[in-house]
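Reading through the structure tokens given below for one structure.
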2 protein chains.
Amino acid sequence: MGTLTEENYIKSIYSLSLATGEVFVSELAKKLEVKLPTVNSMVKKLAAKKFVAYAPYQGIKLTDKGKKEALAIIRKHRLAELFLVKVMGLGWEEVHEIAEQLEHVNSERFYNRMDELLNYPKADPHGEPIPDTHGKIPTEKRTPLSAQKEGKKVKIIAVSVDQKSFLDHLNAKGLQIGDTIMIVKRELFDGSVTILKSQKEIVLSHQVSENILVSGDET
Amino acid sequence: MGTLTEENYIKSIYSLSLATGEVFVSELAKKLEVKLPTVNSMVKKLAAKKFVAYAPYQGIKLTDKGKKEALAIIRKHRLAELFLVKVMGLGWEEVHEIAEQLEHVNSERFYNRMDELLNYPKADPHGEPIPDTHGKIPTEKRTPLSAQKEGKKVKIIAVSVDQKSFLDHLNAKGLQIGDTIMIVKRELFDGSVTILKSQKEIVLSHQVSENILVSGDET
DNA sequence: ATATAATGTTAGACTAATCTAATAAATTAA
DNA sequence: TTAATTTATTAGATTAGTCTAACATTATAT
């Protein structure tokens with residue numbers, strides 16, 4: 001375990017490097033809302049502690065140790081979110097901020113008890129998978145709603161953003177994780193998508209539909 | 001709200017100054033496990049922020065602002081402890097450490113929801129009163145078990161220490177908050193006390209009995 | 001292929017929280 | 001009532017995390 005700040009860097013490096021396996025100083029600086037030199041010196045420190053592999057002017061990569069640390073934090077964050085929703089009755093759009101704080105609580109007991117009370121859940125309220133104590137992530141095929149063929153029937157399994165404004169929008173449209181929907185129409189002009197959920201048509205902008213993840217393959 | 005460190009200083013100042021209304025630099029240093037100059041500079045900072053009133057070589061006193069802050073932190077700590085016991089099923093002897101971390105979580109929503117789920121409780125698992133959102137503390141007359149007359153029947157309402165070793169000891173003796181007991185004998189020699197709880201005699205050392213608080217007046 | 005733009009690094013300073021060593025004030029004891 | 005002891009303060013250094021300004025490298029665009 002590192003400091004709170006180190007944990008936040010590791011978490012961000014993890015999520016930003018998911019796609020390509022590495023992340024650049026500028027991306028991290030933007031995400032963490034600090035200046036480039038700050039990231040630079042922090043990354044050197046994380047490298048000294050063997051959380052990341054890094055050479056000047058190259059991308060930053062997590063080591064196995066760093067990945068393990070990242071997954072431990074993510075596990076805590078997602079368990080906390082689900083706990084806040086299921087046990088404490090809060091809304092999925094308001095738990096992210098609280099979980100950002102709870103994820104730094106250091107207590108195996110606290111988190112293992114949560115896991116137990118929630119009956120070893122596989123995903124958080126946004127559909128994101130919850131790593132187990134060994135850092136193992138349950139995987140399920142998922143693609144953006146925006147990439148689905150017209151006529152296809154799919155299940156919403158996750159959202160790829162957890163900003164309150166976005167979740168509020170989904171709440172307003174009456175959409176949630178687990179819903180089965182049918183793709184009615186994809187507009188070429190603006191990329192908006194019309195879907196059918198229990199007899200009701202719902203129109204989603206491209207920006208929204210690309211952040212809704214559904215079961216199954218790409219088109 | 002101050003920093004985490006400031007919050008810990010304010011909390012300690014509050015508890016150490018409960019009896020006399022003030023606390024000395026050396027006491028604080030001991031409690032917080034830091035050196036005197038560290039406390040000295042921190043106290044100057046807290047004074048600049050109007051959390052404490054302080055003049056060199058004098059005792060440290062919380063201002064009204066400081067008291068309010070202290071009570072807000074204590075409220076969060078005690079709610080968290082009770083929540084961990086009642087909702088999460090942890091033991092009263094293991095929740096203190098976790099609550100020390102949870103008390104710094106910044107979320108009205110989180111704590112008010114806890115309060116609601118616990119049905120606006122008056123005391124934590126150790127019997128300590130829980131301040132309300134305005135910092136008001138429910139009071140109840142309480143005196144150490146060690147100061148009770150032989151033959152008296154009293155109810156255990158709190159413990160004045162929450163070290164795991166002490167609570168483990170009470171668990172082993174089968175005593176808990178809410179128990180009604182009778183004082184059988186007070187030994188003059190070593191101050192130990194023999195009590196009766198549901199037909200069973202239990203012997204408690206002076207050190208233990210002075211940290212068990214019971215209903216009612218002094219002898 | 002060189003100039004320009006974008007990105008990354010180094011140097012040096014700042015704040016928060018801590019420390020040790022030296023000094024000062026207050027208290028206690030002779 | 002002075003000396004010794006305890007307690008508190010000041011001065012100066014250290015580490016973590018941040019910043020700005022200056023410089024260096026890499027990428028991009030004529």
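No experiment lies behind these values; they were computed from the predicted model shown. Sequence lines set the chain letters: A, B, ... in the order given, protein chains first and strands last, and positions in each chain run from 1.
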query: Which of these nucleotides, C/dA16, C/dG8, D/dC19, is closest to any side-chain atom of A/Val34?
result: D/dC19

message: Which heavy atom of B/Leu36 sits nearest to which heavy atom of B/Ser26, and what is that distance?
response: CD2-CA, 3.5 Å

query: Does any N or O in the side chain of B/Arg113 come within less than 3.5 Å of the main-chain N or O of A/Met88, such that one atom is a donor and the other an acceptor?
result: yes

- prompt: Between atom CZ in A/Phe24 and atom C1' in D/dA27, what is the gap in whole Å?
  reply: 12 Å

- line: Result for 5'-nearest mapping on DNA chain D, choosing between A/Pro56 and B/Gln58, is B/Gln58

- prompt: What's the NZ-P distance between A/Lys44 and D/dA16, to the nearest Å?
  reply: 14 Å

task: Specify the separation, in whole Å, of atom CG of A/Leu32 and atom P of D/dT18.
output: 8 Å

message: Rounded to whole Å, how long is the line connecting atom CD of B/Glu22 with atom C1' of D/dT7?
response: 14 Å

query: Hey, is the side chain of B/Thr38 poking within less than 4.0 Å of OP1 or OP2 on C/dC19, counting only N and O atoms?
result: yes

query: If you look at every strand shown and take non-hydrogen atoms under 4.0 Å, does A/Ser41 touch a base, only sugar-phosphate, or nothing?
result: base

field: Separation of C/dA11 P from A/Asn40 CG (nearest whole Å)
entry: 11 Å

- prompt: Taking only side-chain nitrogens and oxygens of B/Tyr57, does any of them come within less than 4.0 Å of OP1 or OP2 of D/dT6?
  reply: no

message: side-chain contact (heavy atoms from CB on, under 4.5 Å), that's the test. Do B/Leu90 and B/Ile98 meet it? Break it down for me.
response: CA-CA 11 Å; B/Leu90 299 178; B/Ile98 305 174; 3.9 Å; yes

- request: Report the relative orientation of the aromatic rings in A/His126 and A/Trp92; use parallel for angles under 30°, tilted for 30 to 60°, perpendicular for over 60°.
  value: parallel

- prompt: Does a side-chain N or O from A/Ser26 land closer than 4.0 Å to OP1 or OP2 of C/dG8, or not?
  reply: yes

task: Using modelled atom types only, decide if a donor and an acceptor are shared between the side chain of A/Arg75 and the backbone of A/Ala70 within a distance under 3.5 Å.
output: no

- prompt: Roughly, in whole Å, what's the span from NZ in A/Lys35 to C1' in C/dT9?
  reply: 16 Å

message: Measuring from the side chain of A/Thr5 (C-beta onward, heavy atoms only), which nucleotide among D/dT9, C/dG8, D/dT18 has the closest atom?
response: D/dT18

- line: Considering only heavy side-chain atoms of B/Tyr9, the closest of C/dA11, C/dT18, D/dT9 is C/dT18

- line: Taken to the nearest whole Å, CE/A/Met42 to C1'/C/dT9 is 17 Å

query: Rounded to whole angstrom units, what separation is found between the CD atom of A/Glu6 and the P atom of D/dT18?
result: 11 Å

